[in-house]
Structures are given as C-alpha cells and as structure tokens.
Amino acid sequence: AKTSLFLWNWIWTPLSLVRSCRRQGIAEHPRSLPIWQLLSFSKFVRLNLDSWTGLIELGHQEKVFYFVAGTKVRMSIRDPSLVRQILIDNATCYSKPSFIRSLKILGNGLFSASGDLWDNQRQLLGRIFHTKAIKNHFESILTSALKVTEMWGNELENNCREVDINQEFLDIMVELIGKIAFDADLSIPSGNLSMISKSFKRYLHNKWQICFGPAATIPWYKILNMHLVKEIYEDECQLSNLVKEVIKNRQCSNASTLDEVDHDPILIDRLLDAKSLVSSCNISTGQVLDNCLTFLLAGHETTSSLLSWTVYLLSLNQLWQERARAEVQEFFSWHMHWKNLTNLKLINMILFESLRLFPPQPVIGRHCMKKNLVGEYEVDKGMEILIPIAALHRDQDLWGDDANEFRPSRFANGINGACKDPSAYLPFGTGPRTCIGQTLALTEARTILAVMLDNYAWELSPAYKHYPHVTLTLQPKFGMPILITKL
Ligand code: HEM
C-alpha cells in the first residue's frame, strides 16, 4: 500500500497535472526537459520565491504559468479577474496550500483550516475583531507606543541613537497581541518578547527551506538534514509550551469577560467558552491551542513588517516624513484619541502605499480540492495555486509607469482612484478568507507611526543592508537599523 501511495503522490499526480497544463497550452517555467526540470528546480524556486527580486520578477513572466517543484505542480496566476475567481467565486474548491498545512503550530486553527472546521471558527472569532471591539483596545495600543518611544528617549546619546526598528516592532507587536488576545503580559521574564519573535522567525525560515528549498526536490532530504528538523521541533515545543502556560493561567484566573456588559470577550475567553459549551461553535482543546498560536504569529509578524517597511520608505522620502509629521501634529498630538485617527489622511495613504510596495504577506497560496474552471483554464484537483501579490502590486499595466515608485498620493481618492482594477490590490487578501485582523493591524500601525513621528525624526543607518526576505511574511533579513533623533 505504501508503494502505491508513493507512486501515486510522487509520480502519477504530478505527471497528470503537468499533462493537463500542457494540453491547455499553459506556459511552463523554466522551459526544460522533465528530468532536467526536476534537477534544476530547487535553483528556480530559490531564485524566484525565496528572494524578493525573484518574486517581483514574476511580474515579467506570463500572467498564468506553471512550474514543478519536486512533486508539487504549481500554477502562478496574476490576472486580477482570475484571482477574483479563485479567492471569491470558486473559494469552496480550494483549501490552504501545502506549505501552510505543513505548519504544525497552526494546526487546525483559523488560518489553516478549511470547510466546516474553518467556517465554525470564523463565526466564533469574527466579532472579536470588529471595529467596535478594536476601539476598546486603543488605550492599550497607545500606552505601548508611548512606553516604547519614551524608552528610546532615555537611551539617547547626543540626542541620537541607532535602533533596529524591525526587532523593536516585533517586540511591541508580540506584547500587544499578548494583551489584546490573551490579557497576558508576555514581556515577563525579560527578553521573552524577542525570544518569541525569534523562535517564530527561525521556525518559518526552516519550514520554508523544507517546502521550497532543496528538500522540495530531494526525497528524504529531511533525514539528511537533521539539524533543520531538530530546530523545527525545538521551536514547536517552545512555542506550544509557552501558549499552553498562557491558557492554563487564564483558566486558573477564571477571568472570563463574557459576563461584562458592553464588553466584547477577548480571544482566549471566546475560545475557552466555546470549548466548554455545547454550542453550534463547539471547538476542541487542540483548536484552542492552534488558534492561540495562530493569532500570536499572525498578530505580530505582519504588522511589524508593515511598520518596518513604512519606516524604511519614510527614511528614503524625507519630504513625506515631514508632511506626515505635520499632519500628526495638527490633528493628533494634542488629543491622542481614537476618533482623531480618522483625520490622519496622509498617514493612511502612506500605509496603503507601503502595503502596495512591500505587502507583508507577499504571496497567497491555495490547494485545489475540486476540479473547477478559472477563466478558460481547467484547474485539476491537487494543483497548487500561487498568487504573487507583490508582483500584482507593481504591475505597470495596472498601476502606471511609476508602479515601482513610492507615491502615496496615488491613494488620495482611495483604492479605486489608485489602480485600473481595484481587485489587484490585495494586501489583506479578499473573499471569505480575507484577513480577520485588518482593522486591528491598521489601528496599531496608525497609532504607533503617529506617536513615533510626533517624537522622532529618523534616517537609515549606513549599517542597513537592503535584503527583503520572504518566508510567510516579508521581513528585512538583516534587521532594519535606523538613526533616530529626538525632536
Ligand atoms: C498589516 C498586517 C496584516 C496583513 C498584511 C495581513 C494579511 C493577511 C492576508 C493576505 C490574509 C489572507 C490569506 C489567504 O487568503 O490565504 C490574512 C488572513 C488572516 N489574518 Fe492577517 N494580516 C495582517 C494582520 C493580521 C493581524 C493583526 C491578525 C490577528 C490579530 C491577523 C490574522 C489573520 C488570520 C487569523 C487570517 C486567516 C483568516 C481566515 O482564513 O479566515 N492578520 N491576513
């Protein structure tokens, strides 16, 4: 039985998918003989998916093409109308791709589940991230932003200091998601915040290696590279134990907010209540853990990426930095209130432009579970779909000749005014699986950026090395050292 399964998964399915693509005249990359393709594949993947320039270069290839990575056949699709069909119209035919499903820490949580299991959890957790609920967290967000910027001020030498802003943002976001989702202080013991973000980072990097690196092509590569496997196992244990402890503490404190009038429950209470009640949203103990880990990861990696790249872009565009600061000082500094965030029009435009140029999740993937028609193409069961958001966001046919430039004013009249086809702008995805945390993310980003602009001016440090690095999110590989000056 094992031999038949091996032959089916490793030989029959990929060959039949390739045959189907060829029959439909879908372009193939790289063009080569099948055996050579298998051997050269890890190189292609490394060139195009692991590296940022490679990912952007996908924008110069055909809008639809296919490629083979070991046993996986993937179709890259960057035509907005086809993307809409996959993510919205035919959404039920697709689940999350093999890379996401291989992330054991996400288990069957909201990000990775499909079908009824996903539907149940989305219904359960939707309310927690509505605007009204996020409004209640504004004070926590503001307090964290003020605390961190004050701390930088205490450590200034000659009014100036070098800060790795990427690590700072990762730490702030871990602390914030700890407060917002679990009502827990993850900054204790000292160094815990960085430990958490570094553990997630190493875990994602190693898993990416296995999914898209040489391991995708060479069978049993994992056995040969036990070091990688050991690190993955260590990170899984460390992160699960940490979250198990948080859950245990919450259960012991019995501090559910469900009974409080006018207060939406926080994530952990909602999950624990659903576990204990026999309700339409009943979930298992494992799913409580999976979701806590999912939100801990999704709640810090993405928003810190958005903030880091925004700070980078404002370092290179000092005029925009000054204009944004003037806006903050006019509408926000004197009264740091939730309502005043909506007055920060330039900040909004800057964040939208940053999400366009450096989307924190630069690729969206899907796995086809049921044969379906996408445009004129038949997509067979087993095909993996790759939607290169980063390439879509820089497509000159859609965004104009200045697609690669930082020009926040393109968003002056919203997304519709910025792009010929607004469905080509997908920083938070679209359709039923659209990002559940986008209101929270944008509130955090606006507040933290506003507080930072109000207190500091900054430029890139000469030590900065530009190397955007793709794993699940887009992060500066060697951190982002900037020089901050107190105003
Ligand atoms: C700038 C920040 C963020 C960006 C750019 C972003 C991006 C995305 C994208 C593109 C998706 C769709 C993925 C897909 O279709 O496969 C997604 C889904 C998701 N995001 Fe975010 N995200 C951000 C912040 C957050 C935050 C702060 C949280 C949680 C607190 C969060 C939690 C999730 C979850 C749980 C899903 C899965 C939703 C589902 O499948 O129902 N995200 N995000």
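Worth saying up front: this structure is predicted, and the values here are computed from it rather than measured. Every number for a ligand or one of its atoms is a count from 1 in the order of the listing.
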May I ask you to decide whether Arg84 forms a salt bridge with Asp421, counting only side-chain N to carboxylate O separations under 4.0 Å?
yes

Could you grab the distance from atom CG of Asn108 to atom OG1 of Thr294, nearest 0.5 Å is fine?
9.5 Å

Could you tell me if the side chain of Leu355 sits less than 4.5 Å from the side chain of Phe428, heavy atoms only?
yes

Among all the protein's non-hydrogen atoms, which is closest to atom 38 (C) of ligand 1, and how far away is it?
Arg122 NH1, 3.3 Å

Students should be able to answer this: which protein heavy-atom is nearest to atom 18 (C) of ligand 1, and at what distance?
Cys435 CA, 3.5 Å

Between Glu353 and Arg410, is there a side-chain N and carboxylate O pair less than 4.0 Å apart?
yes

Can you tell whether the side chains of Glu378 and Lys371 come within less than 4.0 Å, N to carboxylate O?
yes

Heavy-atom contacts under 4.0 Å between Ile180 and ligand 1: side chain, backbone, both, or neither?
neither

Pull out every atom of ligand 1 sitting under 4.0 Å from any heavy atom of Phe129, numbered as shown with elements.
30 (C)

Mind checking whether Arg366 contacts ligand 1 via backbone (N, CA, C, O), side chain (CB onward), both or neither, at a 4.0 Å heavy-atom cut-off?
side chain

For atom 29 (C) of ligand 1, what's the nearest protein heavy-atom neighbour? Residue, atom name and distance, please.
Phe295 CD2, 3.6 Å

Please state which part of Pro360 comes within less than 4.0 Å of ligand 1, counting heavy atoms only: side chain, backbone, both or neither.
side chain

Tell me which protein heavy atom sits closest to atom 32 (C) of ligand 1, plus the residue, atom name and distance to 0.1 Å.
Ala298 CB, 3.5 Å

Are the side chain of Gln121 and the backbone N or O of Leu117 linked by a donor-acceptor pair below 3.5 Å?
yes

Heavy-atom closest contact (Asp397 atom, Lys420 atom, distance)
O-NZ, 3.0 Å

Give a yes or no on whether the ring-centroid distance for Phe169 and His300 is below 6.0 angstrom.
no

Counting heavy atoms only, name the option from Leu307, Ile436, Ile364 that's nearest to atom 34 (C) of ligand 1.
Ile436

Does the pair Tyr425 and His393 meet the rule for a ring-ring contact (aromatic ring centres under 6.0 Å, His included), with working shown?
CA-CA 6 Å; Tyr425 186 62; His393 283 186; 5.1 Å; yes

Would you mind listing which atoms of ligand 1 come within a distance below 4.0 Å of any non-hydrogen atom of Ile177?
30 (C)

Looking only at distances, can you tell me whether any N or O atom of Thr434, backbone or side chain, sits closer than 3.5 Å to an N or O atom of ligand 1?
no

Is there a side-chain contact between Phe411 and Asn348 (heavy atoms, below 4.5 Å)?
no

Protein heavy-atom partner closest to atom 23 (C) of ligand 1 - residue, atom, separation in Å:
Thr302 OG1, 3.4 Å

For a quick test of reading the model, state the closest non-hydrogen atom pair linking Leu341 to Phe332 and the distance between them.
CD2-CE1, 3.7 Å

Touching ligand 1 at all, Gln438? Heavy atoms, strictly under 4.0 Å?
no

Measuring from atom 6 (C) of ligand 1, which candidate in Phe358, Trp309, Tyr94, Phe428 has the nearest non-hydrogen atom?
Phe428

Within 45° of the ring axis of Phe111 and under 6.0 Å from its six-membered ring centre, is that where the NZ or CZ of Lys96 lies?
yes

Contact region, Arg433 to ligand 1, non-hydrogen atoms below 4.0 Å, reads both

Ignoring hydrogens and angles, tell me if any N or O in the side chain of Ser240 forms a donor-acceptor pair with the backbone of Cys237 under 3.5 Å.
no

Considering distance alone, does some N or O of Lys96 sit under 3.5 Å from an N or O of ligand 1?
yes

Note: Leu110, heavy atoms under 4.0 Å from ligand 1, region reported as both

Pull out every atom of ligand 1 sitting under 4.0 Å from any heavy atom of Leu440, numbered as shown with elements.
30 (C)

Top protein contact for atom 37 (C) of ligand 1, by heavy-atom distance:
Phe111 CD1, 3.4 Å

Interfacing atoms of ligand 1 (cut-off 4.0 Å, heavy-atom, Trp118)
39 (C), 40 (O), 41 (O)

Nearest to atom 7 (C) of ligand 1, what protein heavy atom do you find, and at what distance?
Pro427 O, 3.4 Å

Return the closest protein heavy atom for atom 11 (C) of ligand 1 as residue, atom name and distance.
Gln361 OE1, 3.7 Å

